[in-house]
*Asks:* 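Below you'll find the structure I mean.
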There are 2 protein chains.
Amino acid sequence: MSAIETPTGDELLKVLAALGNPHRMRIVAALAEGRNYVSRLAREIGMSRPLLHMHLQRLEAAGLVVGSLELSDSGKAMKFFEVSPFAYALTPQVVAEAARTLTDQAAKTAGEQHEAGPEPDEQVSDEKERAT
Amino acid sequence: MSAIETPTGDELLKVLAALGNPHRMRIVAALAEGRNYVSRLAREIGMSRPLLHMHLQRLEAAGLVVGSLELSDSGKAMKFFEVSPFAYALTPQVVAEAARTLTDQAAKTAGEQHEAGPEPDEQVSDEKERAT
DNA sequence: CTTGGGTGTAAGAAGAATCTGACACGTGGC
DNA sequence: GCCACGTGTCAGATTCTTCTTACACCCAAG
C-alpha cells in the first residue's frame with residue numbers, strides 16, 4: 001500500500017471510542033442529514049442537552065464533527081454542529097500500525113481537547129483493492 | 001460495486017467498541033504478526049491471562065479475531081487466535097446507514113456470542129472518492 | 001423585570017467496563 | 001504423587017463512562 005498516512009494510535013483510538021457508542025452513532029447520523037444546533041438536536045433525538053453536549057464534545061474531540069458558535073438574527077448565540085468528512089479504513093494492518101504509536105495517555109483521557117498545533121488532516125482511505 | 005453492504009448497526013457498534021480500547025488494539029496488532037495461543041500472548045504483551053481472555057472474547061464476539069482450540073503434540077490443549085481479515089470503511093454515511101439499524105440491545109450486550117447462522121461477510125470498503 | 005430560548009458547566013448518582021486473585025480441570029514428565 | 005503448563009470461569013474491587021439535576025450567563029420580547 002502506499003502510505004496513506006495511517007492515523008495515530010491515539011487518534012484512531014479516540015475515533016473508535018467516540019463512534020463505539022449507540023448514542024453518538026445516532027448523533028453523527030442525525031448531523032449527516034444537515035447541520036443543527038444543540039438544543040434543537042437534543043429535542044429531535046430525544047436526549048437532554050447536557051448529555052448531548054457531552055457526546056458532541058467527545059465527537060468533536062475525535063474530529064468527527066465540528067461546531068461553530070453563531071449568532072442568529074435575533075442575537076441568540078447558537079452552537080451549530082456538522083459532521084466533518086472523515087474517512088477511515090479499518091483493517092488489521094491499519095490497527096497494527098496505529099497500535100505502534102499508542103501512548104498511554106490516550107487510555108485515560110478519551111475525551112479531551114486536541115493538542116495545540118497539528119490537526120491538519122485525518123482523512124485517509126481511498127485505497128481500492130490493490131493486491132498487496 | 002456501490003452498495004457495499006453496510007454493516008448492521010449492532011455489528012458496527014460491536015466492532016468499534018471492541019477496537020476502541022488500547023489493549024484490544026495492541027492485541028489485534030500482536031495477532032496481526034501471527035497466530036498465537038493465549039498464555040503465550042499474555043506473557044508477550046504483559047497482561048494477566050484472565051484479562052486477555054476477556055478481551056479476546058470481546059474481539060471474537062465482534063468477529064475481529066477467531067480462536068480455535070487445538071492440541072499440541074504433547075497433548076496440551078491450546079487455544080490459538082488469529083485475526084480475521086476484516087475491512088470496514090468508516091465514513092459519515094456508513095455510520096448514518098448503520099445507525100438506522102441500531103437495536104437497543106446492542107447498547108447493553110457488547111460482548112456476546114454471534115448469532116447462529118449468518119456470518120458470511122462483513123467485508124466492505126473499496127469505495128474510492130465518489131463525489132456525493 | 002419576568003418569561004422564554006439559547007449557551008455552558010459542575011456535582012453526584014447510577015451503571016458498565018476493566019482488572020486482580022483464586023479456584024477447578026486436564027495432561028506430560030520427574 | 002507432585003510440579004509445570006495449558007485451559008476456563010467466577011467474585012469482588014476498582015475505575016471509567018454515562019446520565020440527571022441544578023446552576024449561571026446572555027439576549028429579545030412581552
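Computed from a predicted structure; not experimentally measured. Reminder, nothing fancy here: chain letters follow the sequence lines and each chain counts from 1. Computed from heavy atoms alone, side chains included, the values below leave out hydrogens, waters and symmetry copies.
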*Asks:* For G67(A), does its backbone N or O pair with a side-chain atom of E60(A) as donor and acceptor, under 3.5 Å?
*Replies:*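 Checked: pair present.
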*Asks:* Do T6(A) side-chain atoms and E97(A) backbone N/O form a donor-acceptor pair below 3.5 Å?
*Replies:*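 A pair under 3.5 Å: no.
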*Asks:* Any side-chain N or O of N21(B) under 4.0 Å from OP1/OP2 of dA17(C)?
*Replies:* no
*Asks:* Atom CE of M54(A) and atom C1' of dT20(D): how far apart are they, to the nearest Å?
*Replies:*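 Result: 12 Å.
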*Asks:* Could you tell me the separation between the CG atom of L52(A) and the P atom of dG6(C), rounded to a whole number of Å?
*Replies:*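 Going from CG in L52(A) over to P in dG6(C) covers 13 Å.
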*Asks:* Specify the separation, in whole Å, of atom CG of L56(A) and atom P of dT18(D).
*Replies:*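 Interatomic distance, CG of L56(A) to P of dT18(D): 13 Å.
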*Asks:* To the nearest 0.5 Å, what is the distance between CG on L90(A) and CG on L12(B)?
*Replies:*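 These two atoms lie 8.5 Å from each other.
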*Asks:* In whole Å, I'd like the distance from the CG atom of L69(A) to the C1' atom of dC26(D).
*Replies:* 11 Å
*Asks:* Heavy atoms from C-beta onward define the side chain here; which of dG8(C), dG5(C), dG8(D) lies closest to that of V38(A)?
*Replies:* dG8(C)
*Asks:* Provide, to the nearest angstrom, the distance between the CG atom belonging to N36(A) and the P atom belonging to dG6(C).
*Replies:*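 Rounded to the whole Å, the gap is 11 Å.
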*Asks:* I want to check one thing: is the phosphate of dG8(C), taken as OP1 and OP2, less than 4.0 Å away from some side-chain N or O of K79(A)?
*Replies:*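 Affirmative; the distance criterion is met.
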*Asks:* I want to confirm an ordering. Mapping M78(B) and S74(A) to their closest nucleotides on DNA chain D, which one lands closer to the 5' end?
*Replies:*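 This one resolves to M78(B).
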*Asks:* Figure out the CZ/C1' separation between R58(A) and dC16(D), and round it to whole Å.
*Replies:* 9 Å
*Asks:* Is Y37(B) close enough to dG6(D) that one of its side-chain N or O atoms is under 4.0 Å from OP1 or OP2 there?
*Replies:*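 True: Y37(B) side-chain N/O within range (under 4.0 Å) of dG6(D) OP1/OP2.
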*Asks:* Which atom pairs, one a donor and one an acceptor, fall under 3.5 Å between side chains of residues 28-39 of chain B and the rest of the protein, sequence neighbours left out?
*Replies:*
unit_1 : atom_1 : unit_2 : atom_2 : d
R35(B) : NH2    : E70(B) : OE1    : 3.1
R35(B) : NH2    : E70(B) : OE2    : 2.7
N36(B) : OD1    : R40(B) : NE     : 3.4
N36(B) : ND2    : E44(B) : OE1    : 3.3

*Asks:* Taking S72(A) for the side chain and S74(A) for the main chain, is one N or O donor matched with an acceptor at less than 3.5 Å?
*Replies:*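 Here the side-chain-to-backbone pair exists.
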*Asks:* For every nucleotide of nucleotides 20-25 of chain C, 5' to 3': is a protein heavy atom under 4.0 Å from its base (B), only from its sugar-phosphate (S), or from neither (-)?
*Replies:* BBB---
*Asks:* Rounded to whole Å, please give me the gap between CZ in F80(B) and C1' in dC5(D).
*Replies:* 13 Å
*Asks:* Tell me the interatomic distance from H23(A), atom NE2, to dA16(C), atom P, rounded to whole angstroms.
*Replies:*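 Checked: the NE2 to P distance equals 12 Å.
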*Asks:* Mark yes or no for whether R58(B), through its side chain, and A18(B), through its backbone, hold a donor-acceptor pair below 3.5 Å.
*Replies:*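 Flag not set: sc R58(B) to bb A18(B) has no pair under 3.5 Å.
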*Asks:* Check this one for me: any side-chain N or O of Q57(B) less than 4.0 Å away from OP1 or OP2 of dG8(D)?
*Replies:* no
*Asks:* In Å, rounded to the nearest 0.5 Å, how long is the span from OG1 of T91(A) to OH of Y88(B)?
*Replies:* 12.0 Å
*Asks:* By nearest atom, which of the nucleotides dT7(C), dC19(D), dG26(C) is closest to the H55(A) side chain?
*Replies:*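 For H55(A), the side-chain atoms sit closest to dC19(D).
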*Asks:* Closer to the 5' end of DNA chain D via nearest nucleotide, is it R24(A) or H53(B)?
*Replies:*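 By nearest-heavy-atom nucleotide position, the 5'-most residue is H53(B).
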*Asks:* Quick one: is dG6(C) close enough that its OP1 or OP2 comes under 4.0 Å of any side-chain N or O from R40(A)?
*Replies:*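 False: R40(A) side-chain N/O out of range (4.0 Å or more) of dG6(C) OP1/OP2.
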